[in-house]
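Source: prediction; values computed, not measured. Just so you know, these numbers use all the heavy atoms, side chains as well, and skip hydrogens, waters and symmetry mates.
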Amino acid sequence: MDVLTTTPFGQRPVSAALMKHAQAAQAQPAIPHINKWELFRELCTAKAAFGVSDRDLTVLNALLSFHQETSLSDNDMLIVFPSNAALGERAHGMAESTLRRHLAVLVESGLILRHDSPNGKRYAVRGADGDLSRAFGFDLRPLLVKAEQITTAAAETRAAAERLRRMREELTLMKRDAIKLVAYGQDNAPHSAWEALQSRLLSVHKAMRRKLPQDDLQTLLAELRDVLAETQRRLAIESEEMSGSDSETERHYHNSNKDSHESELCHKNGEGVGGNAPDPEGKHAETESKKQVNLPLALVTKACPDLQPYMQDEIRTWHQLIEGAAFVRGMMGISPDAWLEAQRAMGPENAAITVACILQRVSEINSPGGYLRALSRKAQDGGFSPGPMVMALLNTGVA
């Protein structure tokens with residue numbers, strides 16, 4: 001079939017890029033025969049390499065649908081000539097002005113060529129034998145010529161995506177190790193100052209919430225390796241200095257503190273050793289009613305999904321939520337005293353909900369520990385409930 005011209009109709013100018021694309025389209029394709037839909041899917045994967053968007057590809061998909069065969073072949077007529085109305089209909093009702101814009105992008109990227117008629121209309125002319133001898137419209141031959149380039153770019157894109165996936169996976173695993181080792185160090189090696197490592201881990205956690213390029217991920221990996229090395233070094237020093245008897249003594253000390261604290265709470269609630277102390281004004285019942293949980297657990301976990309990755313199992317009970325909040329509070333720089341104060345003021349469940357909400361918005365909060373203390377003071381005065389925090393997270397789409 002004759003190709004008479006590649007210059008555009010009307011006021012569209014000829015450019016060096018247009019001439020280069022027209023010359024390249026006449027080259028012998030490295031792949032003379034390829035399924036057009038397989039090639040299209042490869043182009044969807046490699047779209048960034050060719051500078052086209054999803055909407056551009058929607059128009060190209062519509063153009064390919066006007067080609068009668070399922071494959072693009074070197075010896076076939078590869079010019080399609082649909083009207084703007086027909087093309088827009090197959091492009092999901094795209095407006096004509098929008099259609100022209102995306103067609104221009106496809107031409108500029110060298111994926112298609114224009115063959116405009118003398119009056120700018122798109123049509124074909126048949127010869128005496130009934131076969132198409134001349135056509136004016138959009139030439140799909142550049143796709144066939146670029147088929148090898150497209151498939152190579154798609155393979156490279158998939159390989160790069162896999163590298164990023166593996167790097168993110170490695171980051172997640174290293175962060176988990178670092179968080180758990182620092183938490184272990186806080187409990188078993190209290191002589192070291194762990195706050196600086198916690199602060200570094202919090203910065204890494206905030207950064208990982210964004211979609212980062214490969215260079216930034218490499219920087220985070222180096223930071224986590226350094227944190228892990230420092231953590232292991234401190235634990236090794238502490239393990240050499242602490243004898244087994246010292247460890248037993250310290251564990252007993254912590255248990256004694258816990259017991260005395262529970263006794264203190266009972267005393268503050270107006271209960272004696274036997275739990276039969278009088279409460280004439282009903283203050284204990286009123287305080288306890290304020291600590292009741294008024295939210296379904298499923299709603300809390302939906303609003304605060306960032307807590308789940310730190311759990312071994314899916315959160316199904318309030319006890320698991322409290323354990324998870326107790327684990328992540330150290331990572332956010334919330335001290336044990338602030339956590340205990342929150343539990344006293346709000347009740348364990350409400351305190352856990354509050355910590356989970358703080359974790360969800362940790363990138364926006366300068367001092368999570370100070371924030372929790374302020375909320376605890378409000379709760380003591382009856383002016384705070386975690387319910388609005390949960391609903392705000394749901395309404396803003398954070399969950």
Side-chain angles (χ1 to χ4, degrees), residues 1-37 39-40 42-43 47 50-53 55-91 94-150:
M1 185 183 65
D2 296 333
V3 176
L4 299 181
T5 180
T6 56
T7 57
F9 172 78
Q11 297 183 0
R12 291 192 300 270
V14 176
S15 65
L18 177 63
M19 296 174 61
K20 179 181 178 181
H21 293 325
Q23 184 179 3
Q26 302 307 314
Q28 190 69 23
I31 304 175
H33 183 85
I34 191 170
N35 184 288
K36 64 181 181 182
W37 299 122
L39 182 60
F40 178 75
E42 292 288 273
L43 181 59
K47 61 185 178 182
F50 293 89
V52 292
S53 67
R55 297 278 280 172
D56 300 328
L57 292 172
T58 298
V59 176
L60 181 59
N61 181 80
L63 283 174
L64 286 170
S65 69
F66 285 98
H67 180 59
Q68 298 296 322
E69 305 297 330
T70 59
S71 298
L72 300 178
S73 300
D74 191 27
N75 55 352
D76 285 346
M77 199 277 287
L78 298 178
I79 297 177
V80 294
F81 39 90
S83 66
N84 283 342
L87 188 57
E89 183 179 349
R90 293 199 187 182
M94 187 177 290
E96 188 171 326
S97 59
T98 307
L99 192 68
R100 290 197 189 98
R101 187 167 64 251
H102 293 300
L103 286 170
V105 173
L106 292 172
V107 172
E108 290 169 5
S109 65
L111 294 173
I112 62 174
L113 279 177
R114 292 181 186 270
H115 292 302
D116 288 343
S117 67
N119 62 1
K121 301 292 184 180
R122 300 174 201 139
Y123 60 87
V125 177
R126 296 186 181 274
D129 56 359
D131 294 333
L132 294 177
S133 61
R134 186 177 300 170
F136 298 97
F138 296 104
D139 194 351
L140 303 176
R141 181 178 171 81
L143 280 174
L144 182 62
V145 174
K146 292 177 179 286
E148 185 177 34
Q149 181 183 349
I150 291 171

Beyond-backbone contact of Leu143 with Ile34, side-chain heavy atoms, under 4.5 angstrom | no
Pair up each side-chain donor or acceptor in residues 80-88 with any protein partner under 3.5 Å, not counting sequence neighbours, and list the distances.
| unit_1 | atom_1 | unit_2 | atom_2 | d |
| --- | --- | --- | --- | --- |
| Ser83 | OG | Ala86 | N | 3.2 |
| Asn84 | OD1 | Arg122 | NH1 | 2.9 |
| Asn84 | OD1 | Arg122 | NH2 | 2.9 |
| Asn84 | ND2 | Glu96 | OE2 | 3.3 |

Gap separating the CZ atom of Phe136 from the CZ atom of Arg114, nearest 0.5 angstrom | 14.5 Å
Side chain to side chain, Leu60 and Val52, heavy atoms closer than 4.5 Å = no
Passes side chain to side chain donor-acceptor pair (under 3.5 Å), Asp56 versus Ser53? Steps please.
-> CA-CA 5 Å; Asp56 300 328; Ser53 67; 3.0 Å; yes
Atom pairs and distances, side-chain donor-acceptor, residues 62-70, under 3.5 Å, sequence neighbours left out:
| unit_1 | atom_1 | unit_2 | atom_2 | d |
| --- | --- | --- | --- | --- |
| Ser65 | OG | Ala62 | O | 2.5 |
| Ser65 | OG | Arg90 | NH1 | 3.1 |
| His67 | NE2 | Ser71 | O | 3.1 |

Taking every heavy atom of Pro142 against every heavy atom of Gly110, the minimum-distance pair comes out as CB-O, 3.3 Å
CA sep, side-chain torsions, deciding dist, call: Val59, Val105, side chain to side chain contact (heavy atoms under 4.5 Å, CB included) | CA-CA 10 Å; Val59 176; Val105 173; over 6 Å; no
Taking the side chain as C-beta and beyond, is there a heavy-atom pair between Leu140 and Ile112 under 4.5 Å?
-> yes
Roughly how far, to the nearest 0.5 Å, is the CD1 atom of Ile150 from the NZ atom of Lys47?
-> 14.5 Å
Locate the shortest heavy-atom distance separating Leu72 from Leu144; write the atom from each residue and the value.
-> O-CD1, 3.5 Å
Work out which heavy atom in Gly137 is nearest to a heavy atom in Ile79; give both atom names and the distance.
-> N-CG2, 3.8 Å
Expected output: side-chain Asn35 to main-chain Trp37 donor-acceptor under 3.5 Å = yes
Nearest heavy-atom neighbours spanning Phe50 and Lys146 | CE2-CD, 4.4 Å
State, to 0.1 Å, how close Ala91 and Leu99 come at their nearest heavy-atom pair, and which atoms those are.
-> CB-CD1, 4.4 Å
Minimum side-chain heavy-atom gap Pro29-Arg141 below 4.5 Å | yes
Search all heavy atoms of Thr58 against all heavy atoms of Met94 and return the closest pair with its distance.
-> CG2-CE, 4.5 Å
